[in-house]
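Take a look at the structure set out below.
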Number of protein chains: 4
Amino acid sequence: MIKSLPSRRRKEARPQELLDAALELFVEKGFAASRAEEVAVRAGVSKGTLYLYYPSKQALLQAVISHHLIDRFSVGVAQAAQFQGSAADLLRSLLVSGWQEVYDSDAAKVFKLVITEVRNFPELASFYHREVVEPVHRQLGDVIRRGIAAGEFRPVAVEHAVHSLMLPLVMLCLHRHSLGACAAAGQIDGHRFIQAHVDLVLAGLSV
Amino acid sequence: MIKSLPSRRRKEARPQELLDAALELFVEKGFAASRAEEVAVRAGVSKGTLYLYYPSKQALLQAVISHHLIDRFSVGVAQAAQFQGSAADLLRSLLVSGWQEVYDSDAAKVFKLVITEVRNFPELASFYHREVVEPVHRQLGDVIRRGIAAGEFRPVAVEHAVHSLMLPLVMLCLHRHSLGACAAAGQIDGHRFIQAHVDLVLAGLSV
Amino acid sequence: MIKSLPSRRRKEARPQELLDAALELFVEKGFAASRAEEVAVRAGVSKGTLYLYYPSKQALLQAVISHHLIDRFSVGVAQAAQFQGSAADLLRSLLVSGWQEVYDSDAAKVFKLVITEVRNFPELASFYHREVVEPVHRQLGDVIRRGIAAGEFRPVAVEHAVHSLMLPLVMLCLHRHSLGACAAAGQIDGHRFIQAHVDLVLAGLSV
Amino acid sequence: MIKSLPSRRRKEARPQELLDAALELFVEKGFAASRAEEVAVRAGVSKGTLYLYYPSKQALLQAVISHHLIDRFSVGVAQAAQFQGSAADLLRSLLVSGWQEVYDSDAAKVFKLVITEVRNFPELASFYHREVVEPVHRQLGDVIRRGIAAGEFRPVAVEHAVHSLMLPLVMLCLHRHSLGACAAAGQIDGHRFIQAHVDLVLAGLSV
DNA sequence: CATGAATGAGACTTCATTCAT
DNA sequence: AATGAATGAAGTCTCATTCAT
């Protein structure tokens, strides 16, 4: 077998390569329908090696999800606090380029994985809530509240407005890795939709 | 074993009972992690009886999905065509109570199932697109175009507006049967959100 | 369902129809690979009806074999005893037309069935030996011994000579219902071979 | 568990051990009535290991038959061509010791297996015909034709004479592994019968 | 008598996990 | 550390047999 990298370097990269392979496969086939051996093969190692790094298939799933979600959505709160412009500009700044990036990243895959597997692994629910839902809602909710207080937005129900902003963005990620991955389904131009959607909701929010 | 109904009557109900049990279980655990025998037990029959009605576990999945989606979303087009009021009123009429009902129905579960399983059963993609995406998009798109033509709505990109309306409603259904089913996750008041979301987007659409 | 015969008559014929269907199917697929229901269907009755006549699939097998072998090969001994011609003529008379008939009959199928199933149902061995091997060997052995005593045949080992006569005839029956039933295999003209074979062996026996 | 051999060595022997166990069991019980696990146990491995080497029970059957028949009967043709003695001597040389060996070998079991299973696996028919029937018939037919041409044999129908020679030898193999394996059945002294049979038929062939 | 829906033991096959090398 | 042969629990599906109608 050809190894293009020195084995020291490969060894250190193993856990990451396994996580990548696992994420890809779990999103593609679902956790239960994915074979541990295929994860290993995609990562370029043998079945046994997988078990050197992760004690079980389930532990691998949890590592995959933790790895991609921890600390990813809890940043930027401080940055938002000191933003100078309007609430609408801040939301645009936070959401458009931020979620275009998410949409293209592995985090989009992780959303699919969480939605798909959370009922079999309920501990994922609190983890996901703590690492994703909570920080994002706190941040966006604060900005919307600030906009309402400043007379920039209509006095809407903040929680619902946050959901109106966010649910389509999450759904877009899910779609990309479920129906959107199938030739027979309609495609969505994600980047353009994110822009259009944020614009539309902001128009609805403004006085 | 107690049999409260004559077997003739039971027999006719079997396929439906099996479909109901299968939908419930597949949504709960995912298709691959669900055991055929548990579907049978939930339907109150034995393993063998399941195979009397469906030749394989996969055929059962397909029957579940077909049963709930066929013809459900292709109705109401004619009704919309002759609607007299404003485009906004028509959209509200179509979406709010319509999707509150969907949200409470088995169709919501089927959305979860389709998103979860479509990559393992790609034929679901074209089926879902034909039975759900296509009719809904055609209908909503037409109403929005009518609103734009009448000067009631701003000239937005119609496809994106449809997605802004629909993706959160679908995501809401998915959420109900994934994270929303877990105690540890945040809950969403679906009915109120549907109302608030449609209102918000319509506000964003109006001139 | 159309019943072309009065049900009284059909009822009386049931056991025979079931035996015929079972023989055909067991020879075609083997006992273990044959389904009880298919026997019933071929006999034109339902699965349940089969069990009204035979208590189990194995009982059906035993009935099939008994029915076709009992008393079929133990006849003709007396007839042979009073035959006037040469031993060779007697053998020709007994074997040629007699085994051409066997070759065309259900008995040929039963040979296949016995050979195929005897190791799973050892009681078949003694039954077959008593009803077929013993009578045939006694009869043919006697004729050969008479021919040797009369100076018509060379003093060969009688048991081996009987086998030289009989084994190809039995093998011919087996072939008809195994390889011979497959298009891809070579065919044997059974009737002509029986004639030629008996002639050849009798030539070998004669002084 | 005691493992007397290094696993490398064991591994290489696995396929052969499985083939041997499968042949034995399939001949004993028939293919359909044999359980894959019992094949594995007889080969000293677990159920799963069987599937490491053969992808299905049916593939195992085909491997068993191929393994024992391929190239076994297509040899010796050249040897026969340059034989110097009489046709009768050549036939005796080819058949007597040759088939005594076959009779004692696994090939005898394979004959039983082919006859028993060919109607469920029709691809066996062409395989058997190509690997066994064709080479043997060509070879024996040539020798008989040579004997007739040399005036050593009577001008008999060659194909029938070949069958008169061969069918009893094949039947003898079948018998050994069906009725002959049952205590309740009559036994045949195979080696002596082969000798006697070839002598008898050659006597019948000679002018 | 006849039916065929229902059952559940049992067979094939898969695959997560272990462990000797 | 890495491998991959081996295991056996578990899952899908079949089918002989039963029994209510």
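Quantities reported herein were computed from a predicted structural model and do not represent experimental measurements. Here is the naming used below: chain letters follow the sequence lines, and residue numbers restart at 1 for every chain.
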Approximate separation, where rounding is to 0.5 Å, of [X] [atom1] and [Y] [atom2]:
| X | Y | atom1 | atom2 | value |
| --- | --- | --- | --- | --- |
| D/I65 | D/L23 | CD1 | CG | 8.5 Å |
| A/S34 | A/R42 | OG | CZ | 8.0 Å |
| B/S178 | A/L124 | OG | CG | 11.0 Å |

Gap between atoms [atom1] and [atom2], on [X] and [N] respectively (whole Å):
| X | N | atom1 | atom2 | result |
| --- | --- | --- | --- | --- |
| B/L25 | F/dT12 | CG | P | 10 Å |
| A/L60 | E/dT17 | CG | P | 10 Å |
| A/E37 | E/dA16 | CD | P | 9 Å |
| B/L18 | F/dC13 | CG | P | 14 Å |
| B/K57 | E/dT14 | NZ | C1' | 12 Å |
| C/Y54 | F/dT17 | OH | C1' | 17 Å |
| D/K29 | E/dG10 | NZ | C1' | 13 Å |

Regarding C/Q16 and C/H67, is there a side-chain donor-to-acceptor distance under 3.5 Å anywhere?
yes
Does some side-chain heavy atom of B/E123 sit less than 4.5 Å from a side-chain heavy atom of B/Q62?
yes
For a 4.5 angstrom cut-off between non-hydrogen side-chain atoms, does A/V45 reach A/L52?
no
Contacts of B/R35 and C/Q58 projected onto DNA chain F by closest heavy atom; the upstream (5') one is B/R35
Upstream residue (5' side of DNA chain F) when D/G48 and C/A33 are each assigned their closest nucleotide:
D/G48
If you only use heavy atoms from C-beta on, which nucleotide in [options] is closest to the side chain of [X]?
| X | options | answer |
| --- | --- | --- |
| A/S46 | E/dC12, E/dG8, F/dT3 | F/dT3 |
| B/L52 | E/dT17, E/dT3, E/dA5 | E/dA5 |
| A/V45 | E/dT17, F/dT3, F/dA16 | F/dT3 |
| C/Y51 | F/dC13, E/dA16, F/dT18 | F/dT18 |

Give the C-alpha distance, both sets of side-chain angles, the deciding distance and a yes or no for salt bridge (Lys or Arg N to Asp or Glu O under 4.0 Å) between D/K29 and C/E117.
CA-CA 8 Å; D/K29 300 195 161 184; C/E117 307 299 341; over 6 Å; no
Under 4.0 Å between any heavy atoms, over every strand shown, what does D/Y53 touch: base, sugar-phosphate, or nothing? Just pick one.
sugar-phosphate
Would you write out the dot-bracket form of DNA chain E, 5' to 3', with Watson-Crick and G-U pairs under 3.5 Å, [ ] for crossing pairs, | for pairs to other strands and . for unpaired bases?
.||||||||||||||||||||
Classify the side chain of B/K47 and the base of E/dG10 as holding, or not holding, a donor-acceptor pair under 3.5 Å.
yes
Of C/L50 and A/A36, the one whose closest nucleotide on DNA chain E sits nearer the 5' end is C/L50
